Amino acid sequence: MENNVTIKKRVFPRKKICRFCADPSLTIDYKNVDLLKGFINEKGMILHRRQTGNCAFHQRRLTTAIKRARIMALLPFIADVEIE
Ligand SMILES: [Zn+2]
């Protein structure tokens, strides 16, 4: 019997810096669909903060913007699971 356990660690080698803190000219707006698209996956779900690297403040504003954009039909909705 071989006890071969492989643990897949999801390690990000580089420390991600919040894009919006780094670039003050970037504004989070629900009309800025091209920007918001970079923060959703192919299913239309909002990426986690660990994946985006955003700070809490900007991540919060981003989710609000994405939700708004969904209502305005600028971004796709995912109706299956809504985890808040
Ligand atoms: Zn930030």
Side-chain angles (χ1 to χ4, degrees):
M1 289 272 260
E2 205 174 306
N3 193 11
N4 192 7
V5 184
T6 45
I7 305 161
K8 277 188 177 176
K9 274 189 180 179
R10 289 184 183 179
V11 181
F12 298 104
R14 281 179 299 165
K15 220 178 186 185
K16 286 186 179 179
I17 309 155
C18 174
R19 272 174 66 181
F20 302 99
C21 285
D23 190 358
S25 64
L26 273 177
T27 44
I28 301 167
D29 190 35
Y30 69 91
K31 284 168 280 184
N32 202 346
V33 185
D34 288 328
L35 178 75
L36 297 178
K37 270 180 183 171
F39 293 98
I40 55 166
N41 65 10
E42 71 278 351
K43 286 177 186 171
M45 294 165 78
I46 302 168
L47 292 178
H48 199 262
R49 209 173 77 202
R50 280 184 191 170
Q51 294 165 293
T52 58
N54 288 339
C55 68
F57 175 74
H58 283 119
Q59 178 71 18
R60 175 127 200 102
R61 301 200 102 193
L62 191 76
T63 36
T64 317
I66 291 171
K67 281 171 187 174
R68 240 175 238 172
R70 281 173 176 171
I71 295 162
M72 307 294 277
L74 300 170
L75 286 176
F77 245 109
I78 184 138
D80 293 349
V81 193
E82 193 74 52
I83 304 160
E84 280 283 50

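All values derive from a computational prediction rather than experimental measurement. One-based numbering, in listed order, for ligands and for the atoms of each. Because only heavy atoms are used, hydrogens play no part in the values below, and waters and symmetry mates are left out as well, while side chains stay in.
What you find for Cys55 and Cys21 is that their closest heavy atoms are SG-SG, 3.8 Å.
The cluster map of Ile, Leu, Val, Met, Phe, Trp and Tyr, joined by side-chain heavy atoms under 4.5 Å apart, puts Met45 and Phe39 in different clusters.
The ring-ring contact (aromatic ring centres under 6.0 Å, His included) contacts involving residues 48-68 comprise Phe20-His58, where partners must be two or more places apart or lie in separate chains. Among residue pairs with one or both ends in residues 39-49, none qualify as salt bridge (Lys or Arg N to Asp or Glu O under 4.0 Å); sequence neighbours excluded.
Under a 3.5 Å cut-off, the side chain of Gln59 and the backbone N or O of Leu47 do form a donor-acceptor pair.
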Can you give each donor-acceptor pair under 3.5 Å made by side-chain atoms of residues 25-35, sequence neighbours left out, with the distance rounded to 0.1 Å?
unit_1 : atom_1 : unit_2 : atom_2 : d
Ser25  : OG     : Asp23  : OD1    : 2.6
Ser25  : OG     : Asp23  : OD2    : 3.3

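Within a radius of less than 2.8 Å around the Zn ion (ligand 1), the protein N, O or S atoms are Cys18 SG, Cys21 SG, Cys55 SG, His58 ND1.
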